[in-house]
Amino acid sequence: MTSKVASMRDAVAELVRDGDTVAIEGFTHLICFAAGHEIIRQRRRELTLCRMTPDVIYDQMVGAGVARKLVFSWLGNPGVGSLHAVRRRIERADPEPLEIEEYSHFGMVCRYVAGASRLPFFPIRSYFESDLPGANPNIVPIESPYGDDALYAVPPLRPDVTVVHAQRADASGNAQIWGLVGCQKEAAFAAERVIVVCEELVDESVIRSDPNRTVVPGLIVDAVVVEPRGCHPSFAQGYYDRDNRFYLDWDAIGRDPEAFDAWLKEWVYGLESHADYVEKLGEQRWAALQPGEAWSEPVNYGTYD
Amino acid sequence: MTSKVASMRDAVAELVRDGDTVAIEGFTHLICFAAGHEIIRQRRRELTLCRMTPDVIYDQMVGAGVARKLVFSWLGNPGVGSLHAVRRRIERADPEPLEIEEYSHFGMVCRYVAGASRLPFFPIRSYFESDLPGANPNIVPIESPYGDDALYAVPPLRPDVTVVHAQRADASGNAQIWGLVGCQKEAAFAAERVIVVCEELVDESVIRSDPNRTVVPGLIVDAVVVEPRGCHPSFAQGYYDRDNRFYLDWDAIGRDPEAFDAWLKEWVYGLESHADYVEKLGEQRWAALQPGEAWSEPVNYGTYD
Amino acid sequence: MDEMGDYTATEMMIVASARLLAGERVCFVGVGPPNIACNLAKRTVSPELELIYEAGVFGAVPARLPLSIGDPTLVTGSLQVTNMFELFSYFLAGGLVDVAFLGASQIDRFGNINTTVIGDYAKPKVRLPGSGGACEIAINAKKVFVIMPQSKRSFVEKIDFVTSPGHLGGDRPAHWPGSGPSDVVTGLGTYTFDPQTGEMTLATLHPGVTLDEVVANTGWEPKVADGLTETPAPTGEELRLVREELDPEGAYTR
Amino acid sequence: MDEMGDYTATEMMIVASARLLAGERVCFVGVGPPNIACNLAKRTVSPELELIYEAGVFGAVPARLPLSIGDPTLVTGSLQVTNMFELFSYFLAGGLVDVAFLGASQIDRFGNINTTVIGDYAKPKVRLPGSGGACEIAINAKKVFVIMPQSKRSFVEKIDFVTSPGHLGGDRPAHWPGSGPSDVVTGLGTYTFDPQTGEMTLATLHPGVTLDEVVANTGWEPKVADGLTETPAPTGEELRLVREELDPEGAYTR
């Protein structure tokens, strides 16, 4: 098969366009900061950014001015507090307004499922007597055709581009993930274009040794970017730990617009690539994030001929 | 945790009751014939049997008189032809009528998803201009709340009992499956009671070594039955091959009511348990079904303390 | 069985079906002749073809010919196994399938398909398997190829039950996700569908088959293409691949 | 911070919350104090308690206290990891959750919860995180425990935004899957809800806290149980478990 391997620079340049709806998913796990930084570096504009939990990556992207709108279900720095750059734009239009479209987690997940399934809506048992449907007219009541059971519907979400970070992938984009799997599969199938970023590029035979582990098939993938440690300060199960210190430190950085700009200048604009970021962070920091070993018991698929 | 391990006899005696709606799922793979045979042996009556593909197991059960009704989406002996005992009851009420409720595969799968999610209906993009909704009034048209997009809805399916056969499970019922996974997870979550049958009872630590591989959590499991080779003539990936010869031979047996009764007498009523069936089948037959080895590449989950 | 020169009718059907896959990218496939056709196409006209098996397998590399739609040889060494919900929701309804093969017990001139019953639904003369995934495949696959034996009993004026919609009465709605059957391959010839009327049109006759034979085995007055030609016979290489690599035991082809 | 005798207000909240879990089977849990409470309950009043983490993990055995709701230590050695669709659909909406913990920035006397905004939604004074899974948890978990700090700013007559419904105006429909908040634990005391009126009712005062303090920190005239008692202080063993095993670095409790 044809290799889809590309540099992050080329993948973003080719596949992420001004005005796009972009999902860089991952529920605390495998959040591809490297892709976010490259989008900032290439100064994309007017993006609609979608994530269940915008996390620090979207605080950085929103603060850097790439986004016109945010679609989300939980807006915070997990375990720490607020996303201050996002809050500045929402609360004070500082430096410019930010449009928001807000759901609950269940709603966001089901929007991706509907997008992936080409369903015009998805029914869920949530939102009863909540003010969320009032705040977001896309959340509408719906009746069951079998009786008076009332639910709410959410509309499909079909990103122009979804970025999925995987522990391992082959050159065609068949990608395997373990640990928290969030809604990456659904977000990928829902998207028009998919960028797979991986910790390790592996031979197709590794993928084929365990087909039940494949989350994203190469069939729907447009580019494969090999970017080890590309999730920092998020984590990659079995590869590096969550850098909680970074998340804690971000609170003060995000709170202060000058510190925010200085951080971006130093860690994004001032660097050529994520490889530079990895090097700049330093081996001591990486060593502290190195997990021990806990290997899965292998399974036999058998040969049949 | 408390062990839920039970014999097949005790599990069926306690958990499968006359009049129950029963799903023994598995898409060609991991069909638990051992459970079906024990239900026949215990002479359960008036069951509603649900499966996407009733397969030979339901031909045997329907012919043995355990079922009042069949819920399905594809009624055949895969790759061979008809399920003759089922056909006799549908076509000629021979020896008694059989009620049927018929969907397509997509419809059946989404009925389990709705059952597992406690959704009153599930919308799917199928059945347009088909005669199926006319034949089954439970398939009804539904409109999207966002526009004039028309779909069909199917109702939830909530079995009283679902039987899931897994390659390995622990004593609490945490069950892992690889190879074709069909709709077992959905059918299990949709059910009131769940029987997990396994090829191998493993220590909890084996399950915990690869939590992404777990299909059914012990949380929803009522009994764990250890029944090696319990799927014959269906297969268990990596453990034994599909016995195509049996499926081919079944055509003549199922076609002839006397041969059918003689088979049941010899292979079900005449035996005490599935262990007897395994022995009676003979080591030569089992040797021919033994696959070679093709092990998955293990993955590192890492330790974090 | 059905010898035609030095190849069988089924071999002709498989070879003709495989050739239809030239230029296609993603094919949804069951077992039997369509499986052989797809794997023949990958070795001849369509090496980049990606196969999705209805059992939930993407990128299978079967080491033998499966009897059943689900078989362990489809799984070992494949690229992805997926559950049935995701298979039908994300792969099929999601719009990834360019072409799917369907069989039929009855078909009408508009490509509507019956695999449910012969006779009345409530009291059938013959109870057939039913839809399986066929109904949603017929609606969601971008196009459909039908492979089936042809006779007056299978090519009928009015099918007993519409399991899977084709071109309806020639008025299949343009907003449906898929465009319906584009080709039918039988033991007698190949058919396309008139883009205006949705009517099945005889496009080629297999070598040795006459138009009279087709008329005698069609339950309506069949429409015939202006440029009716002969189906090119299987090449030696096509036959070698089918016989030596794809169905060495002749389970489907002899 | 908030020293009360030889334990902190947060330690009292965690211990009181853990005791509520006696007899419960399946708990849906986030991180922070509820996580410590659940793991304390497993070591004390509720050894059979099964935990489902919102990140999609069942049967976790965390080797350390996670900062974030998603952490690799929740995954390694757990019994099952599931995707978000199945977590919310099958575990939560499917009705498997007996009790879930929720936090709140504002709560009213009927247990309705705001975690969305302070001020107007379109022009908020403070933009809070929003629902996350709270809205569907509040509707689908069989019951809900709320843990939150108490002040006139958080215990308010009218919340600025209903993120997650509690007992509405006392008329929460009986046909909803879950029965709503059953208990609230704050730094001052514990509350239950009147089964008739759905109104929050002060049940116990933490040691050293006066009724006047509660009144001064409640935005309405609080209802007080006839048999108002004192929350039993944390035992030495409970404090030892919290301090030595569950939060040895005192991230949440000191």
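Quantities reported herein were computed from a predicted structural model and do not represent experimental measurements. As a basis for the values below, the full set of heavy atoms in this structure was taken, side chains included, without hydrogen atoms, waters or symmetry mates. Lettering follows sequence order; numbering is per chain, from 1.
- The backbone N or O of A/Tyr301 lies less than 3.5 Å from no partner atom in the side chain of B/Tyr239, so there is not a single donor-acceptor pair.
- Side chains of A/Pro120 and B/Arg125 form a contact here, defined as non-hydrogen atoms less than 4.5 Å apart.
- Using the six-membered ring where Trp is involved, A/Phe122 and B/Phe122 have ring planes that are perpendicular, over 60° apart on the 30 and 60° scheme.
- Remark: A/Arg118 CZ to B/Ile124 CD1 distance equals 13.5 Å, nearest 0.5 Å.
- Within the 4.5 Å cutoff, side-chain heavy atoms of A/Val299 are placed close to those of B/Arg213.
- Your options are B/Pro141, B/Ser209, B/Gly147, and the one with the most heavy-atom pairs under 4.5 Å with chain A is B/Ser209.
- Looking at A/Tyr146 and B/Ile142, their side chains never come closer than 4.5 Å, going by heavy atoms from C-beta outward.
- In this structure, the separation between OG on A/Ser296 and CD on B/Glu297 is 9.5 Å, given to the nearest 0.5 Å.
- With hydrogens and angles disregarded, no donor-acceptor distance shorter than 3.5 Å links the side chain of B/Trp178 to the backbone of A/Pro211.
- Neither the backbone nor the side chain of B/Val202 comes within less than 4.5 Å of any heavy atom in chain A.
- With B/Tyr304 contributing its side chain and A/Gly238 its backbone, the two residues share a donor-acceptor pair below 3.5 Å.
- Between the side chain of B/Asn300 and the main chain of A/Ala294, a donor-acceptor pair closer than 3.5 Å is present.
- Taken from CH2 in B/Trp295 to CG in A/Asp210, the straight-line distance is 12.0 Å, to the nearest 0.5 Å.
- Contacts between B/Ala114 and chain A at a heavy-atom distance below 4.5 Å are absent for every atom of the residue.
- The choice from A/Pro123, A/Ala153, A/Ser117, A/Ser205 that makes the most heavy-atom pairs within less than 4.5 Å of chain B is A/Pro123.
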